[in-house]
Each structure stands twice: as C-alpha cells, then as structure tokens.
Amino acid sequence: MQWDHVIKNGLIVDSQRVYPGNIYVKNEKIAAISRHELDGDALEITDAEGKYVLPGLIDVHVHSRDGENGATYKEDFYHSSMSAAIGGLTTVFEMPNSNPAIYNVENLEKQIKNLTPKAFVDFAIWGLALGDLNIDQLKSLSDAGVIAFKFFWGYAVDSKAYQLIYNFKPGMENVIPPLGDGEIYRMFKKIAETGKIVAIHAENFDIIQNMTKEVEQSGDKSYKAFLKSRPNIAEETIIQTAISFVKDTGARLHILHLAAKEGVELIKNAQEKGYPVTGETCSHYLCLCDEDFDRVGPLMKVYPPVRTREDQEVLWQGIKTGVLSMVSSDHAPHTEEEKKGDLWTSPAGMASIETLASLMINEVSQGRITINQLVSVLSENPAKVFGIYPEKGSLEVGTDADITIVDLNVKSTIKKEQLHSKSKITPFDGYNITGAPVQTIVRGRTVAKNGQIVGEPGGKFIRP
Ligand code: DOR
Ligand code: ZN
C-alpha cells in the first residue's frame, strides 16, 4: 500500500481514551489505525513520539471580516485561517455579520467563492437571521448549506446592508431597531422547521440602554462601571426568554459566548428537562476576569464583557460538568489604532483565533481539565452539535484525516507581534503557556508545523 501520510508513535486521544497507535491516511481520509506498523510506503511520515494526536480542533465562532465590502483592513480570511492553522485548528465556522452579510443564498454563494481560495483550513459559514427581513430566506439558506443560524438579539442593523450597529441610540436614521419578542418568536418557529440550530448573541438591549444611561450620569468610567452598564441580568433575561421559545417552538438553541454565571444554571435546567439547548463560552471568559483590567486595559473589551472571578469559576464548572459543550475564540479583530481609545469608546472584540487552542492546552498542563475534555470542547462536541460528526471531530476510519498534534512539554510565551492575524490585538501578550499545538493536518495534508504555515491554502467549504 502507498499511504499518503502516516502519523506514527503518537498517543491518540478521543473524549474517553488515550491509546498508542499509528494513523494511516489515504485520499484525505483515515484509512487505518493500528498499534503495529502496517506495510507500505508513505509520501509523508510524521513521528509523533511523546506527543498527543487529537481529532482536528474546531472553532465555531470566527469573525474574519472578509467579503466584497468587508472591513478587511482589520482582518481577512487569508490571515485568520492562517492563524487558525498555526494555532492548531482544522475547521472554523465563519460568522455571518460580514459585508455583504449572509442573509440570503446569493450572499452565501458569493462568500463560499470568496473564502475558498484563501482558506488554509476547512470552513463552514453561519447564516444570519434577521427576523421578518429574511424570514422567507431561512429555508433556502438552510438547504444551501449554512451550518446554523445566528441571531444577534438586541442589535440594530442598518437598513441598506443589514450591518450591525454596535452603539445604537433610538431615533437613529436608516437603522432598523432591535427586534421585539413577537417577531423573534415567529422567527424561532421558522428556524425550527429547518431543523438547524438558532444560536444567539444573548444581551438585552433595553437593560443595557437603561444601565448605560445611569452609569454615564454617575461619571464613573471604571471597568466596574462598564460591567454595571452591561450586567449579568442582560444575558440572563435573554437566555431565559430564548429557552421559553425553545419549549414552545421545538427550535434547537445554542447560546454563544456565554459570560454570565446565571447562564450556566439556565442551560443546565433546560438540558435536564430534555430541551435541545447547548452553550459555549470563550477562552477570554475562562482565562480573564475583571481583575485583569488594570493590567490589560481596553484590549479585553468584548461583548458580552469579561465578568468577575465568580462568573469565571462557574463557567469552568460548566465546562467540567459538560453543561457548556464547547469553547470558541469569538475572533473579532480590530486595528491597534481603533483599540487605542478608552474602555468606553474603543470597539469590542479581540484577535483570539491563534491563541484559543494554546490557552486551553495550557489549562490541560495546569491540570484544570483533562486532555479528553479538551477534545470534547474543541472538537467532538462542536462537530456533534452542528452535525458534521464523525467526518469532523473524530479519528474514526473512513472520516476526514483532520488531526492536531499536541506537545504538552513545550513552554512558550504568547507574543502579539508573532500572531499571524492582521490584527495583533490580544490581552494575552506575555502570557506563559505550557504545551502547544505543534502540527496541524487538514484532510491528510500538513498545513502548519511548529508555528509556521506549510504550503498553499487548500481548505474546503463544509456543510452539515
Ligand atoms: O465583542 C464583540 N465583537 N462581540 C460581538 O458579538 C461582535 C464582535 C464583532 O464583530 O466585533
Ligand atoms: Zn461573535
């Protein structure tokens, strides 16, 4: 047999087990897994002695800013997918708040064409749910292959290109204000018919407006005041309402980038009653808390905000107990110039795609989670929840040979100037990490090794 790639002598990891073995790749798929060496030559041989061999890691939450009219001065897919590959990811899900936004099939098809030649890793694309504005497009978007639908609860959009308005004030011109619950409820029903997940950005616009006003009047500009302007209850009330809609409509719900501890309890209760509700948190909510603001500054500004140590602790419990099934980056780059403003004026978001896996691997080294849990939250669960398992998210024979090789022994320091994203905005500059993704293999082909990209983009669009 002529194998395309053999990954030898590694410790193979899934969500349950760690076992020694060799992986044989043929025609982009895993052709065999064996404890003993199989006969035949190989075009590429990787010796993974002393390293862990994981199913390729997946980031379900990426804003690459790419698109015909996109903010590509902040980031583009060439850079974000390169960062993904170097950071140990084999598949990313691109968010739909691009420009053009992904609210109909025409824009989805344009985006597939636009992203494919720049893709170092495989990618899926989210569809944007806009209430009545595109309620009749949801079925066709689903059929055309969006991975799921995202709804930015509490956000206004501009009336021309449906771009998100981040600092909406009532009365703004050419702006469609945040949707009311009735319209959202009808939209949930429509999405339920497609069988796809509706994933929500859960922040209550009205509470944020009111609290922001109160805080502005107080003159307090501290991080504490910032948290007061976007309080836990802003997340809690939306998650609560969304779960009620799930009970009534049968829609499958995913809570994106959970930051508030109350969300964990709500999701847990819904799951215990058998409702199809999943949750995700991000590396910044697990690795930072409000106490870090004095040191890090507005670089850690993100919506929803990084909250208190208590919230962080409950989120970790959510990860460890499986209530939260995945960790994402919410890669949302801005330029250094844009982030120079103060906490209140600078845009929310950071470049986090390249550090996601490293930060979580570091938690494995520190003993906070096991390597099996890492596989659960960064590979197996995302693939299962979004319907791409076992093709992605597993190391089963016959499935895509997407593999992330991890060395738990290497020590490194995150340096912002070494990130491959166009934007170097990270709150983790100078952060010491034990363990690293050292090789990324997409459908059998090595795309990154030891912090360097290998070869040309060869990523593919994937659909559930
Ligand atoms: O902080 C954020 N930035 N939160 C979001 O939900 C959107 C994102 C962005 O696109 O900049
Ligand atoms: Zn996001």
Side-chain angles (χ1 to χ4, degrees), residues 59-67 69-77 80 84 92-102 124-129 147-158 161-168 178 197-205 208 223 226-227 229-230 234-235 238-239 254-260 263 279-285 288 293 296-307 326-339 341 343-353 356 382 421-423 425-427:
D59 185 354
V60 306
H61 195 149
V62 178
H63 303 269
S64 297
R65 315 294 191 204
D66 214 313
N69 308 311
T72 47
Y73 66 95
K74 295 177 195 258
E75 179 68 309
D76 59 33
F77 199 56
S80 68
V92 299
F93 294 4
E94 183 59 23
M95 278 294 170
N97 59 323
S98 45
N99 195 352
I102 314 304
I125 301 178
W126 288 86
L128 187 62
I147 193 79
F149 291 102
K150 172 152 186 188
F151 175 53
F152 286 85
W153 204 309
Y155 274 87
V157 294
D158 82 71
Y162 306 145
Q163 294 295 299
L164 300 182
I165 308 289
Y166 289 95
N167 294 304
F168 172 70
I197 283 177
V198 52
I200 60 167
H201 178 121
E203 282 192 299
N204 185 319
F205 141 82
I208 292 171
Y223 195 79
F226 176 62
L227 285 185
S229 76
R230 300 185 92 93
E235 282 185 70
I238 297 298
I239 295 169
H254 180 68
I255 311 298
L256 294 159
H257 51 42
L258 183 68
E280 146 203 327
T281 189
C282 305
S283 39
H284 38 272
Y285 303 122
L288 297 171
F293 183 76
V296 176
L299 291 177
M300 66 183 252
K301 178 180 175 183
V302 59
Y303 295 155
V306 171
R307 301 188 186 280
M326 60 194 89
V327 181
S328 72
S329 71
D330 194 2
H331 182 64
H334 300 286
T335 67
E336 208 143 343
E337 204 49 42
E338 288 168 324
K339 274 290 207 183
L343 173 61
W344 298 83
T345 54
S346 71
M350 59 182 81
S352 43
I353 196 167
L356 168 67
S421 171
K422 263 192 181 179
S423 156
I425 292 300
T426 173

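Note that the coordinates shown come from a computational prediction; the quantities given were computed from them, not determined experimentally. Numbering of ligands and ligand atoms starts at 1, following listing order.
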Please test Met95 against Lys150 for side chain to side chain contact (heavy atoms under 4.5 Å, CB included), starting from the C-alpha separation and ending with a verdict. CA-CA 8 Å; Met95 278 294 170; Lys150 172 152 186 188; 3.2 Å; yes
Give me the ring orientation class for Phe205 and Phe168: parallel if the planes are under 30° apart, tilted from 30 to 60°, perpendicular past 60°.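 Phe205 vs Phe168 ring planes: tilted.
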Identify the protein heavy atom lying closest to [atom], giving its residue, its atom name and the separation to 0.1 Å.
atom: atom 3 (N) of ligand 1; answer: Ala348 O, 3.1 Å
atom: atom 8 (C) of ligand 1; answer: Ala332 CB, 3.8 Å
atom: atom 5 (C) of ligand 1; answer: Tyr303 O, 3.7 Å
atom: atom 11 (O) of ligand 1; answer: Arg65 NH2, 2.9 Å

In terms of atom number and element, which parts of ligand 1 are under 4.0 angstrom from non-hydrogen atoms of [X]?
X: Asn97; answer: 10 (O)
X: Val302; answer: 1 (O)
X: His334; answer: 11 (O)
X: His257; answer: 6 (O)
X: His63; answer: 10 (O)
X: Gly349; answer: 1 (O)

Gap between atom CH2 of Trp126 and atom CZ of Phe93 - 0.5 Å precision: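 Rounded to the nearest 0.5 Å, the CZ-CH2 separation comes out at 7.5 Å.
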Quick check: do Glu336 and Ile425 have side-chain heavy atoms less than 4.5 Å from each other?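 Side-chain contact under 4.5 Å: yes.
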Answer whether the closest heavy-atom distance between the side chains of Arg307 and Tyr285 falls below 4.5 Å.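 When only atoms from C-beta onward are counted, Tyr285 and Arg307 do not touch, as no gap falls below 4.5 Å.
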Phe152: which of Leu128, Ile165, Leu256 passes side chain to side chain contact (heavy atoms under 4.5 Å, CB included):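 Filter result, single survivor: Leu128.
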Are any N, O or S atoms from His61 nearer to the Zn ion (ligand 2) than 2.8 Å?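 True for His61.
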So, is Tyr166 polar-close to ligand 1, with some N/O to N/O distance under 3.5 Å?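 The answer is yes, given that Tyr166 and ligand 1 share an N or O pair closer than 3.5 Å.
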Checking contacts here: is it the side chain or the backbone of His201 that comes within 4.0 Å of ligand 1, counting heavy atoms only? Could be both or neither.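 Side chain only.
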Taking every non-hydrogen atom, the tightest pair across Pro305 and Ala259: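 In this case the closest contact between Pro305 and Ala259 is O-CB, 3.4 Å.
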Side chain to side chain contact (heavy atoms under 4.5 Å, CB included) evaluation trace for His254 with Met326: CA-CA 10 Å; His254 180 68; Met326 60 194 89; 3.6 Å; yes
For side chain to side chain donor-acceptor pair (under 3.5 Å), just list the numbers for Glu94 and Ser64, CA-CA rounded to whole Å, side-chain angles, deciding distance to a tenth of an Å, and then say yes or no. CA-CA 7 Å; Glu94 183 59 23; Ser64 297; 2.8 Å; yes
Which value, rounded to 10°, describes the NE2(His63)-the Zn ion (ligand 2)-OD1(Asp330) angle?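 That angle works out to 90° after rounding to 10°.
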